[in-house]
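Note: hydrogens, waters and symmetry copies are ignored here, and every other heavy atom, side chains too, is used. These numbers come from a predicted model, not from an experiment. Atoms within each ligand, like the ligands themselves, are counted from 1 in listed order.
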Amino acid sequence: MARYELVKRSVALITLTNPPVNSLSSAVRHGIAKTMDRALSDPKVTAVVICGENGRFCGGADIREFAGPLRGPPLLPLLDSIEAGDKPVVAAIEGVALGGGLELALVCHYRIAHSKARLGLPEVTLGLLPAAGGTQRLPRLIGIPAALELITTGRHVSSQEALKLGIVDQVTEHNACEVAVEFALRAVAKPLSSRRLSALTVPCPPDLDALLEAVTMQIQKKARGVMAPLACVQAVRAAATMPYSQGIKRESELMATLFNSGQARALQYSFFAERTAGKWTLPSGAQWNDTKPREIRSAAVIGLGTMGRGIAVSLARVGISVIAVESDRKLMESGRQMVIGMLERDAKRRGVSASLNLLKFTLSLQDLKDVDLVIEAVFEDMALKKRVFQELSKVCRPTTLLCSNTSGLDVDALAGVTDRPQLVSGMHFFSPAHVMKLLEVVCGPRSSSETIATAMSLGKRMGKVSVAVGNCPGFVGNRMLKPYSDQATFLLEEGATPEQIDKVLEDFGFAMGVFRMSDLAGLDVGWRVRKESGLTGPDVDPKNPPRRRQGRKYCPIPDMVCEQGRFGQKTGRGWYMYDKPGGTNAKPDPLIQNLLETYRGRYGIKPRNITEQEIIERCLFALANEGFRILKDGIAAQPEDIDVIYQFGYGFPRHRGGPMFYASMVGLERVLERLEHYHQAHPDVSHLEPSPLLKKLVACGSPPIQKWREHIKTIHSHL
Ligand SMILES: CC(C)(COP(=O)(O)OP(=O)(O)OC[C@H]1O[C@@H](n2cnc3c(N)ncnc32)[C@H](O)[C@@H]1OP(=O)(O)O)[C@@H](O)C(=O)NCCC(=O)NCCSC(=O)C[C@@H](O)CCCCCCCCCCCCC(=O)O
């Protein structure tokens, strides 16, 4: 796992060979130890160069090994011994030097980076800290403030920035290994003591305490309840205040507190889940790795509302020419201004020029005859969407892919009105579409594998995390949202307040509680959908019992809020009150408190004290329960897909892994027992009835989440 060659007669070239990222597995660590011994003991060798095969230096420790017992040579003493050696060692960094990979480079006496390389200590994103000396050596090399920023955020830097910071000695456009070998030959006679970072003193800022305090507060605000960044701050404090030998002990102690934590497990699961989600399989057997996507050079977006504008920006900024269509000249002009403004701001932020020449605006669908792909983003109305798809089918060339940004309507019904149902799929973006990273690619029963491959690959090109899902009302994300938000409103009836529920969910780690999120999204959208489905409004049979609809328990409080013109942030009033329409500072509103009290009085509901535990269990177990149903129905292929959707689309805290991982961490038996308990108390709430798959998994001994797939025998997979 580490190849040894003698080059230029006196330089030992050690190449890490563990594709795809040359991670430091036990075998690689063995290989490094063996080849370094050989180099240091061979009198012919005057210098050493370490590089990685296939143009990638090293992606760090092998994360998969963290799940089992630690075997093989420990990394920290191995790295210390490289630094202590008496022959110069040069790291030739191509591709990436991340985590343990950068720590390996930091013990080399010199570092040469290719101009396209990226470097960083991303351990914090995996719930860990750089525990092979990284928290002690980097501050000694680049100072406390810069090291603190890199270690607590896990940010990758370019080789140019690494050069400015002093992390690398030279950046080259040429073959970094060859440059490093020449460099090593020149370094032979030079003293090494000043190149051993562990021996240096840390340049300590006078305001150290104030700096650490400010960073701690920033972390507590941005990453509430997340342990790893705080541990990183403590490790860097140790670097600033202790000699290396003690600092390294502190680093190891802090790592030990993180290593087996639930947060570390959730974050490492999330790392792999994100990658697993891209590996789709269709019922036909076609897969991500055997289906070639089409190349998309031009696309059209229909509708320049909030979604359409964000989609147009997402396409144009990756070099796809976009024709944006509106039905009305005024709307088209205001859409044009907004899209141009968004693209300009985005380009400024990224330091590139805005690709405005790729944009065209039109009022006519006739202009779409030559585009490769269309994304329809008109109002969420099936009749309107069908008219658009019928028209597209006539106008576009027969090979154009037709996609809908519907957030939950039947994609197959849209396919059915076209002349090319196999080229139709859903591409469900999340608002704002140019910011949110999630894309649900909806596979209709007639969507071809090439269509799905193209939509998935286009999502990736736009920088999205794309997840293939089956076609059912609400797909995965919005289908699961209903039981979650229903539980929240039932809890209001029973005695909770919006701010109490939101606080519990935000303390759990959600970016926003359910009511604050609804205020942001706009309450009128759900109200309209409920009216259209006959759940509220004039079409409801007056003989209907007041808190029941369509045979189920129903909470009309959200309708009552909307009836008062309270549509959320945009109207300055919703579940909360805001300073002004469009304001974002949510304050509890006594009028909502009155509304709840009057409502409870009207229906004789005696409010009770609702605990934090009940809020978490009712909302989150109902959410996961629907996830189990989705898996059983074949709407999502694996729990990882659901978790990725909830993290990237709905603000589920990454350090909790997602609803399905969270259920697995709580223990499936416990989740089942609590759902049974709540269902007994609320027999008319079907979402609380434990799903058959959950029961089955518990009956099979609650296997780990990675094994659930083996127990899902879907009768009919929609994926
Ligand atoms: C490297 C990347 C940027 C590449 O991106 P790209 O898009 O090109 O490719 P993919 O992301 O799709 O990856 C391809 C493929 O490779 C897999 N993979 C990538 N990186 C790793 C890895 N580090 N380990 C394993 N596998 C990896 C990836 O999953 C893909 O495969 P798949 O089958 O899933 O498709 C990008 O991949 C990336 O960002 N990688 C992660 C980089 C990273 O985060 N590195 C840091 C790793 S953690 C680390 O290095 C820790 C160190 O500080 C060492 C610490 C020492 C440990 C000591 C332990 C002491 C414990 C003490 C506890 C005692 C308590 C007790 O008593 O129990």
Side-chain angles (χ1 to χ4, degrees), residues 1 16 18-29 32 52-80 93-107 116-138 150-151 153-158 228 231-232 235 248-262 264-265 267-280 287-289 457 460-461 463-466 638 640 644 654 706:
M1 291 292 202
L16 313 185
N18 185 19
V21 301
N22 298 319
S23 62
L24 296 164
S25 64
S26 148
V28 172
R29 298 197 304 275
I32 297 174
E53 198 167 55
N54 294 336
R56 275 182 161 173
F57 181 70
C58 176
D62 185 339
I63 307 165
R64 288 193 198 274
E65 283 187 356
F66 293 164
L70 295 171
R71 296 204 177 88
L75 191 57
L76 180 60
L78 171 66
L79 297 193
D80 280 344
I93 302 171
E94 287 181 325
V96 287
L98 296 174
L102 180 54
E103 290 173 303
L104 169 61
L106 291 177
V107 296
K116 294 222 164 80
R118 283 187 293 144
L119 300 88
L121 292 173
E123 285 87 342
V124 69
T125 64
L126 300 169
L128 304 174
L129 54 74
T135 66
Q136 304 304 300
R137 284 195 176 89
L138 193 64
L150 289 188
I151 294 170
T153 62
R155 183 168 74 87
H156 299 183
V157 296
S158 65
C232 289
I248 207 80
K249 271 199 200 127
R250 185 78 185 113
E251 181 188 271
S252 299
E253 283 164 15
L254 289 163
M255 177 65 152
T257 63
L258 298 175
F259 195 72
N260 291 317
S261 67
R265 268 191 265 167
L267 287 162
Q268 287 159 37
Y269 162 84
S270 301
F271 173 85
F272 290 113
E274 212 176 309
R275 283 150 183 86
T276 306
K279 296 175 181 160
W280 51 271
Q287 289 191 25
W288 63 282
N289 53 0
S457 136
K460 194 169 179 188
R461 187 167 159 201
K464 307 289 177 202
V465 177
S466 311
Q638 50 207 353
E640 287 88 345
V644 164
R654 192 169 168 91
Q706 292 80 2

* Asked: Does ligand 1 have an atom under 4.0 Å from some heavy atom of Pro130?
  ->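 Yes, that is the case, since the closest heavy atom of the residue is under 4.0 Å from the ligand.
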
* Is the closest heavy atom of Glu65 to ligand 1 under 4.0 Å? ->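 No, Glu65 has no heavy atom closer than 4.0 Å to ligand 1.
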
Can you tell me which residue and heavy atom of the protein come closest to [atom], and the distance to 0.1 Å?
| atom | answer |
| --- | --- |
| atom 11 (O) of ligand 1 | Arg275 NE, 2.7 Å |
| atom 62 (C) of ligand 1 | Phe259 CG, 4.3 Å |
| atom 42 (C) of ligand 1 | Gly59 O, 3.4 Å |
| atom 14 (C) of ligand 1 | Pro20 CG, 3.9 Å |
| atom 29 (O) of ligand 1 | Phe272 CE2, 3.4 Å |
| atom 1 (C) of ligand 1 | Val21 CG1, 3.8 Å |
| atom 40 (N) of ligand 1 | Phe271 CZ, 3.5 Å |

Check whether [X] reaches the backbone of [Y] with its side chain - one donor and one acceptor, N or O, closer than 3.5 Å.
| X | Y | answer |
| --- | --- | --- |
| Glu251 | Thr135 | yes |
| Glu94 | Lys116 | no |
| Asn18 | Leu24 | no |
| Arg29 | Pro73 | yes |
| Glu65 | Ser25 | no |

Ignoring hydrogens, tell whether any protein atom lies closer than 4.0 Å to [atom]; use the non-hydrogen atoms only.
| atom | answer |
| --- | --- |
| atom 53 (O) of ligand 1 | yes |
| atom 8 (O) of ligand 1 | yes |
| atom 47 (C) of ligand 1 | yes |

Tell me the contacting part of [X] for ligand 1: side chain, backbone, both, or neither, using a 4.0 Å heavy-atom threshold, strictly below.
| X | value |
| --- | --- |
| Ile63 | both |
| Ala61 | both |
| Leu126 | side chain |

Can you give me the closest heavy-atom contact between [X] and [Y], atom names plus distance?
| X | Y | result |
| --- | --- | --- |
| Gln268 | Leu126 | NE2-O, 3.1 Å |
| Gly133 | Ile248 | CA-CD1, 3.5 Å |
| Ala61 | Phe66 | CB-CZ, 3.6 Å |
| Arg56 | Asn22 | O-ND2, 2.6 Å |

Pairwise distance [atom1]([X]) to [atom2]([Y]) - rounded to 0.5 angstrom:
| X | Y | atom1 | atom2 | answer |
| --- | --- | --- | --- | --- |
| Glu123 | Ile63 | CD | CD1 | 9.0 Å |
| Phe259 | Leu128 | CZ | CG | 7.0 Å |
| Arg654 | Leu267 | CZ | CG | 6.5 Å |
| Arg137 | Leu106 | CZ | CG | 7.5 Å |
| Tyr269 | Glu640 | OH | CD | 4.5 Å |
| Leu104 | Leu78 | CG | CG | 8.0 Å |

Taking N or O atoms only and a 3.5 Å limit, does [X] qualify as a polar contact for ligand 1?
| X | result |
| --- | --- |
| Thr125 | no |
| Met255 | no |
| His156 | no |
| Gly100 | yes |
| Leu75 | no |

For ligand 1, which atoms sit closer than 4.0 Å to a heavy atom of [X]?
| X | value |
| --- | --- |
| Gly60 | 50 (O) |
| Gly99 | 46 (C), 50 (O) |
| Glu103 | 52 (C), 53 (O), 54 (C) |
| Arg118 | 3 (C) |
| Lys279 | 32 (P), 33 (O), 34 (O), 35 (O) |

Return the option from [options] holding the heavy atom at the smallest distance from [atom].
| atom | options | value |
| --- | --- | --- |
| atom 25 (C) of ligand 1 | Asp62, Thr135, Leu258 | Asp62 |
| atom 5 (O) of ligand 1 | Arg56, Lys460, Arg64 | Arg56 |
| atom 60 (C) of ligand 1 | Leu128, Asn260, Leu70, Asn22 | Leu70 |

* Arg275, CZ: over 12 other non-hydrogen atoms inside 6.0 angstrom ->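 Atom CZ in Arg275 is packed in, count exceeds 12.
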
